[in-house]
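All ligand and atom numbering here is 1-based and tracks the order in the structure. Sequential numbering from 1 along the given sequence is applied to the chain's residues.
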Amino acid sequence: MAKKEKFYVTTPIYYVNDVPHIGHAYTTVAADVLARYYRIMIGADNVYFLTGTDEHGAKIAQAAEKQNKSPKAFTDEAAAKFQLAWDSLSISYDDFIRTTEKRHKEIVVDFWNKLKDAKTPKGNPVVYEDEYEGLYCIGCESFKTEDDLVDGKCPDHNKEPELVKEKNYFLRLQDYEKKLKELIETGELNILPEGKKNEILGLIKTGLKDVAISRQKVKWGIPVPFDKEQTTYVWIDALSNYISALGGLKSKLYKKFWPADVHLMAKDILKFHAVIWPCMLLALDLPLPKLVFAHGFFTIDGQKMSKTIGNVIAPDELVSKYGTDATRYLLLSQFGFGTDGDFAKERLDDIYNAALANEFGNLVSRTVSMTEKYFSGQVPKYNVEYDKFFQFDLQTDWNRYDFFMANLKFDEALNVIWENIRRCNAYIDKEKPWELNNTDKDVLADVMYNLLETIRQTAIMILPFMPQTCEEIMKILGYKPEKELNKKISELRQWSSLPLDQKINSGEALFPRFND
Ligand code: MSP
């Protein structure tokens with residue numbers, strides 16, 4: 001993969017009628033991992049990470065009314081809850097966009113005016129007015145066909161859609177079928193995983209239907225600038241966030257960061273991002289995102305996460321029990337990124353104890369305590385060039401890790417890290433430093449150096465996933481993390497950059513064990 005010069009990653013902007021839960025957290029942590037990874041790789045100035053909240057539409061207006069609140073008061077409170085949740089998970093977003101902000105509304109209005117004058121590749125007006133009658137699911141904020149329904153109900157929201165009849169503005173998607181198909185097939189617009197790309201291509205093959213992009217009955221929305229009777233369809237409003245947050249088409253940020261490198265989301269909203277958004281961008285004559293990535297949906301202990309079932313897990317629940325970094329790890333390590341999976345709550349203690357307390361935490365604590373015991377807490381001077389006898393090949397690990405990170409295979413990148421941790425633990429058991437201490441101090445110095453240096457590199461590898469843990473380990477190894485972690489990636493990955501004689505500090509256990 002060619003070296004990136006800049007990296008722009010987005011999450012969906014979440015609906016504020018819901019409180020933040022670990023479904024939202026899953027995507028947001030994944031996006032944060034990417035942002036942190038690219039910040040080390042290409043420099044923080046070249047990375048932009050956007051998240052935010054989707055605050056208009058019938059669904060939000062109804063939720064506010066239910067709580068007897070004005071939509072403004074309701075959305076202010078709700079957006080703050082998302083920000084607090086992201087703080088507790090160390091989400092390092094560069095911007096948090098709210099669709100009720102003036103800066104966003106201005107861009108949506110700008111897009112309307114541009115779309116109104118635009119022509120499709122076939123020479124038709126992009127936007128036209130038509131009478132529409134259809135079944136509308138408020139939960140999805142979209143029209144449904146009979147084929148989408150199961151027993152007359154929307155399968156995602158288990159509710160009968162309402163019959164809506166009104167005059168709307170339409171976006172002429174059908175004229176973009178050919179172009180969109182071509183762009184996806186050539187990979188200019190990449191959609192991953194592959195299976196999802198094929199689903200979208202299949203959908204285009206059956207023919208794209210024009211989409212209504214305004215609403216008459218929904219008052220809580222951005223007014224269409226040339227028709228005061230109508231507001232903007234919430235999905236058109238929401239998708240525009242990816243550009244409005246950059247400050248619109250003339251801004252410096254737009255020029256530097258657009259097109260997005262990755263729009264991240266779950267499969268539930270792929271269609272909007274892989275069909276409607278690209279067509280809208282084509283109509284506006286703007287570059288398309290490079291990659292739209294739809295990860296899987298997870299269930300909780302085998303069941304859909306839902307308020308009715310009462311199994312919704314708030315990020316705070318996990319953070320207060322396991323801590324921020326462990327929660328991030330638990331979220332991303334459970335199943336392949338891109339496939340559906342189950343989040344088994346009763347297994348979390350075991351995973352935490354096994355992977356974090358026993359394998360990772362223990363490796364660090366026993367290495368540190370042996371360094372204290374055998375070398376008065378100083379990095380020992382090694383005697384042999386490491387590649388002459390050290391069987392670890394960290395360079396291969398870095399290559400595999402980079403490959404997995406570039407392809408959003410987070411669980412596999414974590415596996416590389418854990419293979420390394422396990423190898424170190426096995427190395428200790430094999431070399432038995434406690435015996436070497438009596439038999440061969442030179443070899444002991446080599447063994448301890450190898451362990452300390454591998455732990456240092458492991459800390460760099462784990463930084464995107466567990467930023468606080470990385471800093472803790474850096475402190476333990478005697479560094480000032482803010483200074484050390486500012487170094488170039490090539491220096492950070494350089495074997496034997498851990499200075500000889502540096503003083504090690506034993507700290508608290510990284511991951512105290514849970515005893516049930
Ligand atoms: N507001 C729209 C998105 C507009 S983006 C221009 C929306 N919001 S949402 O609050 O419903 O968020 C949906 C997203 O939340 C999913 O695409 C996914 O990123 C995340 N998830 C919600 N529940 C999830 C699971 N159970 N599993 C995995 N991801 C989950 O749609």
Side-chain angles (χ1 to χ4, degrees), residues 9-32 34 50-60 63 75 78-79 81-82 85-86 91 96-100 104 107-108 111 137-142 154 156-157 196 213 221-222 232-245 260 262-278 280-281 289 292-307 309 311-315 331-332 334-345 408 410:
V9 55
T10 68
T11 71
I13 48 172
Y14 303 108
Y15 285 130
V16 287
N17 62 310
D18 219 347
V19 288
H21 56 60
I22 58 168
H24 309 124
Y26 185 68
T27 319
T28 311
V29 169
D32 189 63
L34 278 179
L50 174 68
T51 188
T53 38
D54 191 352
E55 307 189 358
H56 287 127
K59 180 156 74 172
I60 311 294
T75 52
K81 284 185 194 154
F82 276 90
W86 301 157
I91 302 298
F96 188 103
I97 181 96
R98 301 180 52 192
T99 54
T100 48
H104 172 74
I107 304 303
V108 173
F111 282 173
C137 170
I138 288 204
C140 296
E141 290 282 14
S142 73
C154 162
D156 288 340
H157 295 92
K196 294 286 160 218
I213 56 171
I222 301 175
T232 312
Y233 172 39
V234 64
W235 267 102
I236 296 297
D237 171 345
L239 289 162
S240 308
N241 93 88
Y242 300 130
I243 288 181
S244 73
V262 187
H263 286 318
L264 204 59
M265 71 210 65
K267 59 182 186 178
D268 55 338
I269 55 174
L270 174 64
K271 228 164 55 180
F272 298 98
H273 286 82
V275 177
I276 299 185
W277 179 228
M280 186 173 157
L281 290 167
V292 174
F293 192 104
H295 62 70
F297 231 67
F298 59 79
T299 47
I300 306 284
D301 298 325
Q303 283 183 305
K304 187 178 165 179
M305 187 167 36
S306 95
K307 278 188 222 157
I309 301 173
N311 61 351
V312 177
I313 304 178
L331 282 172
L332 287 186
Q334 299 252 343
F335 47 86
F337 199 74
T339 59
D340 291 341
D342 187 48
F343 193 78
K345 218 175 156 190
L408 288 81
F410 302 117

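V19 has its side chain out of reach of V312: every pair of non-hydrogen atoms, C-beta onward, lies at least 4.5 Å apart. Under the 4.5 Å side-chain criterion, counting only non-hydrogen atoms from C-beta, F343 is not in contact with M305. P289 places a side-chain heavy atom less than 4.5 Å from the side chain of L281.
Checked against the 6.0 Å centroid threshold, Y26 and F335 count as a close aromatic pair. Ring centroid separation for the pair H295 and F410 does not come in under the 6.0 Å cut-off.
Between K59 and E141 there is no salt bridge, since no side-chain N of the basic residue sits under 4.0 Å from a carboxylate O of the acidic one.
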Any protein N or O within less than 3.5 Å of an N or O in ligand 1? List each pair with its distance, or say none.
{"unit_1": "ligand 1", "atom_1": "1 (N)", "unit_2": "I13", "atom_2": "O", "d": "2.8"}
{"unit_1": "ligand 1", "atom_1": "1 (N)", "unit_2": "D54", "atom_2": "OD2", "d": "2.7"}
{"unit_1": "ligand 1", "atom_1": "10 (O)", "unit_2": "Y15", "atom_2": "N", "d": "3.1"}
{"unit_1": "ligand 1", "atom_1": "17 (O)", "unit_2": "A266", "atom_2": "N", "d": "3.0"}
{"unit_1": "ligand 1", "atom_1": "17 (O)", "unit_2": "D268", "atom_2": "OD1", "d": "2.8"}
{"unit_1": "ligand 1", "atom_1": "19 (O)", "unit_2": "T27", "atom_2": "OG1", "d": "2.6"}
{"unit_1": "ligand 1", "atom_1": "19 (O)", "unit_2": "A266", "atom_2": "N", "d": "3.4"}
{"unit_1": "ligand 1", "atom_1": "21 (N)", "unit_2": "G23", "atom_2": "O", "d": "3.4"}
{"unit_1": "ligand 1", "atom_1": "26 (N)", "unit_2": "F298", "atom_2": "O", "d": "3.1"}
{"unit_1": "ligand 1", "atom_1": "27 (N)", "unit_2": "F298", "atom_2": "N", "d": "3.1"}

